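Both backbone and side-chain heavy atoms feed into the values below; hydrogens, waters and symmetry mates do not. Fair warning: this is a prediction, and the values are worked out from it, not measured in the lab.
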Amino acid sequence: QVQVVESGGGLVQAGGSLKLSCTASGLTFDDYAMGWFRQGPKKGREWVSCIARSDGIDYYADSVKGRFTISEDTAKNIVYLQMNTLEPEDTAMYYCAAQRSDEDFFCSSSPPMYDYWGQGTQVTVSS
């Protein structure tokens, strides 16, 4: 049974940092691209970042480029999202997702392309 579990959310002041973690079990981690999405109040689900399989190339939404960094520990089946210089606009539920992939250089920004999702972790940034 595949499980995707996020952790690390919390309340932080604007300008601060948080590091989210996502552990994926029950799957062959190297066969999956991993993505982070978020959904703020009264907003749709927004792609934040993804990393191609086998610790491949990473991609970022323009809104977080230069502030967020995705990385993974393939030995532990964990993907991280380091979030720096947080802004109130970053307040959202953050979701981790796994996409079955044959591509070492591509990961999707489209939620329907992802096969497994976590339950989310809340990030709140106060002004």
Okay, side chain of Gln82, backbone of Lys19: is any donor-acceptor separation there less than 3.5 Å? no
Arg67: which of Asp90, Asn84, Thr85 passes side-chain hydrogen bond (donor to acceptor under 3.5 Å, both in side chains): Asp90
Look only at the side chain of Tyr114 and the backbone of Ser108, and say whether a donor-acceptor pair between them is shorter than 3.5 Å. yes
Okay, side chain of Thr91, backbone of Val125: is any donor-acceptor separation there less than 3.5 Å? yes
Is it the case that atom CD in Gln119 sees more than 12 heavy atoms from other parts of the structure closer than 6.0 Å? no
Does some side-chain heavy atom of Val4 sit less than 4.5 Å from a side-chain heavy atom of Cys96? yes
Are Trp36 and Trp117 linked, directly or through intermediate hydrophobic residues, by side-chain heavy-atom contacts shorter than 4.5 Å (ILVMFWY only)? no
Using modelled atom types and a 3.5 Å cut-off, is there a donor and acceptor pairing between side-chain atoms of Glu103 and backbone atoms of Cys107? no
Pick from Ser101, Cys22, Ser49, Ser71: which one makes a side chain to side chain contact (heavy atoms under 4.5 Å, CB included) with Met34? Cys22
Greater than 12 external heavy atoms within 6.0 Å of Met93's CE: yes
Where does the angle between the aromatic ring planes of Tyr94 and Phe68 fall among parallel (under 30°), tilted (30 to 60°) and perpendicular (over 60°)? tilted
Would a 4.5 Å heavy-atom cut-off, applied to side chains only, mark Asp104 and Arg53 as touching? yes
How are the rings of Tyr116 and Tyr32 set relative to one another: parallel (under 30°), tilted (30 to 60°) or perpendicular (over 60°)? tilted
Could you check Asp58 against Tyr60 for side-chain hydrogen bond (donor to acceptor under 3.5 Å, both in side chains), going step by step and ending with a plain yes or no? CA-CA 7 Å; Asp58 50 318; Tyr60 300 91; 2.6 Å; yes
Assess the residue pair Asp31 and Arg100 against the criterion (side-chain contact (heavy atoms from CB on, under 4.5 Å)); give the C-alpha distance rounded to whole Å, side-chain angles, the decisive distance to 0.1 Å, and a yes or no. CA-CA 6 Å; Asp31 290 340; Arg100 181 67 172 89; 3.6 Å; yes
Determine whether a donor-acceptor pair (N or O, by modelled atom type, separation under 3.5 Å) exists between the side chain of Thr124 and the backbone of Leu11. no
With Ile51, which of Ile57, Ile70, Leu81 fulfils side chain to side chain contact (heavy atoms under 4.5 Å, CB included)? Ile70
Which heavy atom of Asn77 sits nearest a heavy atom of Leu27, and at what distance? ND2-O, 3.9 Å
Please say whether the positively charged group of Arg38, taken as NZ for Lys or CZ for Arg, lies over the ring of Trp47, i.e. under 6.0 angstrom from the six-membered ring centre and within 45 degrees of the axis. no
